[in-house]
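Contents: one structure, followed by commentary.
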Amino acid sequence: MTPEVTREVVLQQRLRAARLLLKDMYDLISELAISSRFSPAMDALADSVKDSQHKREKYRRVIGHLIKRLVKTARECELELSKLNTSASMVSQTLVEEAVDGWQDVDALDDATDLIKPLRIMYDSLVETGFGLVADGLLVDIIRRLYVFGMSLVPLDIREESTKHTEALDAITRWLGIGSYSEWTEEARLSWLTSELSNKRPLYRIRELPKLGFNDSVLKTLNVFGTIATLRPSCLGAYVISQAQTASDVLAVMLLQKQYGMTDKNRNMMRVVPLFETLNDLTNAPDKLEQLFSIPLYVGAVKGKQEVMVGYSDSAKDAGRLAACWAQYNSQERMVKVAAKHNIELTFFHGKGGTVGRGGNPSVYRAIMSHPPNTINGRFRVTEQGEMITQNFGAPSIAERTLDIYTAGVCREAFSERVEPSQAWRDQMQRISDVSCAEYRHLVREEPRFVPYFRQATPELELGSLNIGSRPAKRNPKGGIESLRAIPWTFAWTQTRTHLSAWLGVGAGLTTTDQSELKTLRAMYIEWPWFRETIDLIAMIVSKTDFSISKNYDDQLVEKKEGLLKLGDEVREKMVQTRQAVLDVTESTDVAGAHVALMRGSSTIRHPYVDPVNVIQAELLKRLRVMDKKKSLLADEMEEQEILKDALIISINGIAQGMRNSG
C-alpha cells in the first residue's frame, strides 16, 4: 500500500456512495409530491433552499438541493481521481443533466450528517402531519443506509508494522540531534513521546520534509500520515499496529498523527489499535495495557475506549495451534481485568483468517459462544478475508444469514451464563500448551531437515513467485520460516493435504498415560465450550489429512538424501498420534467428531475431484522445478513453462476450493 493507493481507495468509495445516493434521491423525489401540511421545522428548512421549480412541494425542493450537493460531491471525487491518473468512470450523464442547473454553486457534502439532518426533519414532518406510511417507506431506508454506510461506504483501516514507526522516529530524533530513538530504552521512549505529545510545537515543518534527507522507507511511512490527515474522519477507521510489543509502539503512532494535525482536539485522530501476534506479545499484552492506561495523557485521548487486535495467524505459526489458543484465551481474560481496573471499555478485534490454522471457524455461532467470558459484552470486531468474503457474503440471502448468525451469537453470549474454567482445567491447559509448543518449535525451528523438507514437499516457493496473494509471501525476503507470512505457511501445507500448521504439537500435548489426566481432559471436552470447540476444529482438520496424497508429494518432489524422506514419514507418524489423541479425548469412533456429517459429505462429494488435482499438481511442481534448474531455456521450453505455471495456479485454486475452510 502506498499513500496514493490509500487516497484512491477512499475517493473511489466516496464516489460510489454518491452515485448510489443519487439514485435513491431521484427515486425519493418522484415519491414525495406533497404540497400541503408541513411541520414548522420543515417550513424553515425549505425556506433556506432557493428553488423556483418546486415552490409548493417543499420536500422536493429540499431533495433537489441535496441532489445538487451529491453531484458536486461526485464531481470533486472525479477531479481528484483524474489527478491520480485512475480510470474512474463519470456519474451517469442523465443524472447530471437533470440537476445541472446550479450544482456548481452549492457545497459538496462533508459527511453523512449533511444528509441525515435534513432527511430526519423531512421524516419527522411527514409523521407529524399524518403521512407516516410515506415516511416509513424509501425515506427511512435512505436514512438507515446513511447511518450504516455514511458517505464512504466503509471506513478504511490503516495498518503498518511497529518497526516502520520506530524507523521513522529514529530518523527524526537523529535529525533533531537528540540521539537514536531505536537505541533508547522503553522508559526513555515513553518519556520523550509523552513530552512531545504535550508540546504544541511540531517535530519538523511538513513542507520541508523532502529536504530532511530521510530514506525512501521513512518518507513512505510519513507520507501515509500526511495523506490520511487530509482525508475526512468518517473515511477512516482504526490505525492498526502490526507486531506491537510495547506501550511506546502505540504512543509513537499518536505522535506521528499529531505531527500532521490529527489530534483529539481536531476530532480527526484515528483510534490506535495494537495488534499482539506472537506468543510472547500475547503473554505480555496485559502488562503493556497497564502501562498505557497509567499514562493520564493517553487515557484522556482515548475517552475511555480502547480497541485491541488479537492475532491468530502469527501466534499459531509461532507456537502451534494449542499453545496459541491458550495464550489468546489467557491474554484476553487478563486484558479485560486491566481495562476494568482503569474503567476503560475494551473491544477486541479478532484477526482470524478463513482457515482453522489461522483462527477460522465454519461454525460462527459456536465460535462466538466459545470466546472467553466477559470479552465480548455485545461488541467485537472480526476479520473476513479472501474466499470467506464470497462464501459468507457473496449473495444477499447468504450475507443476511451470516449477519443473523453474528447477531444471534453476540446477543446470546451477552445473556448466557458462561463456563469459567476451574484451576484444575487451567493447570491441565498450561501443561498441554507447554508440551505442544515445545513439540511444535522443536520440529519447525530446531530440526535442520525441516526447512529443506518444507520447501521441497510443498509449493511454498511457487506461492511466493506466482503473485496470487494480497501481500508478499515474506516480511523479510531473506528470512526463513519465522519471516514467512502466516497465509503461505498455512496454505502450503493445505495444498499437500498435510495441514501440518493446524495440528502439529496437538498429539504430544493431548497424549497422556495418566488416567486421571485423561479423565480431566474428557471432562473439559464435555463441560467447557472453548476447549470443546478447539478440539473439534482440530479434529475436523485432522480428518481432512490424506496420507497417500501427502506421501505422493514426498515421492515426487523431495530429494532422496539427508533424511528428508524419513522426516516426511516422521511427520505422518505425528499425524497418527494426533488422530489417536483426539479420539481418546473425545471418546468418538470417528476422528471428525462434531463435524462427521460435514466430512462425510467432503469425502464422498469433493475428494474424488480434488484427489486427481493433487496428483496433477505434484507432477506440475516436479516439471517446473526441473526447468528452474536449467541455466537457460529454449523458446519452446519458455512457452511450456508459462503453460505449466498457469496450470499450477488453477490446481492451487482447485485444491483450496475443495478443502474449503482449510484452503
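It should be emphasised that the depicted structure is a prediction, and the values quoted were computed from it without experimental measurement. In this chain, residues are counted from 1 in sequence order.
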Using 30° and 60° as the class limits, which term best fits the ring planes of Trp326 and Tyr329: parallel, tilted or perpendicular?
->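 Parallel, since the angle between the ring planes stays under 30°.
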Trp489 and Tyr440 aromatic ring geometry - parallel, tilted or perpendicular at 30°/60° bounds |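 The arrangement is perpendicular - the two ring planes meet at more than 60°.
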Using a 3.5 Å distance criterion without hydrogens, assess whether the side chain of [X] forms a donor-acceptor pair with backbone atoms of [Y].
{"X": "Ser152", "Y": "Ser234", "answer": "yes"}
{"X": "Trp493", "Y": "Pro488", "answer": "no"}
{"X": "Thr511", "Y": "Ala508", "answer": "no"}
{"X": "Arg14", "Y": "Cys235", "answer": "no"}

Above 12 or not: heavy atoms from other molecules or residues under 6.0 Å from CZ of Arg426?
->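 Counting neighbours around CZ of Arg426, more than 12 heavy atoms of other residues, nucleotides or ligands fall under 6.0 Å, so yes.
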Crowding at CZ, Arg522 (>12 non-hydrogen neighbours, <6.0 Å) |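 More than 12 within 6.0 Å, yes.
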Any side-chain donor near an acceptor of the partner, [X] and [Y], under 3.5 Å:
{"X": "Gln430", "Y": "Asp434", "result": "yes"}
{"X": "Ser651", "Y": "Gln617", "result": "yes"}
{"X": "Asp584", "Y": "Gln580", "result": "yes"}

Identify the heavy atoms of [X] and [Y] that sit nearest to each other, and give their distance.
{"X": "Phe393", "Y": "Ile398", "answer": "N-CG2, 4.3 Å"}
{"X": "Arg379", "Y": "Leu346", "answer": "NH2-O, 3.2 Å"}
{"X": "Glu413", "Y": "Asn374", "answer": "OE2-N, 4.2 Å"}
{"X": "Thr375", "Y": "His371", "answer": "OG1-CB, 4.1 Å"}

Using the benzene-type ring in the case of Trp, are the ring centres of Tyr298 and His342 under 6.0 Å apart?
->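 Judged by ring-centre distance (under 6.0 Å), Tyr298 and His342 do not meet the cut-off.
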Check the pair Val382, Phe348 against side chain to side chain contact (heavy atoms under 4.5 Å, CB included), reporting the backbone distance first and the verdict last.
-> CA-CA 8 Å; Val382 62; Phe348 286 111; over 6 Å; no
In terms of side-chain geometry, is the basic nitrogen of [X] or [Y] positioned less than 4.0 Å from the acidic oxygen of its partner?
{"X": "Lys303", "Y": "Asp264", "answer": "yes"}
{"X": "Arg532", "Y": "Glu527", "answer": "no"}
{"X": "Asp318", "Y": "Arg441", "answer": "yes"}
{"X": "Asp281", "Y": "Lys288", "answer": "no"}
{"X": "Glu307", "Y": "Arg381", "answer": "yes"}

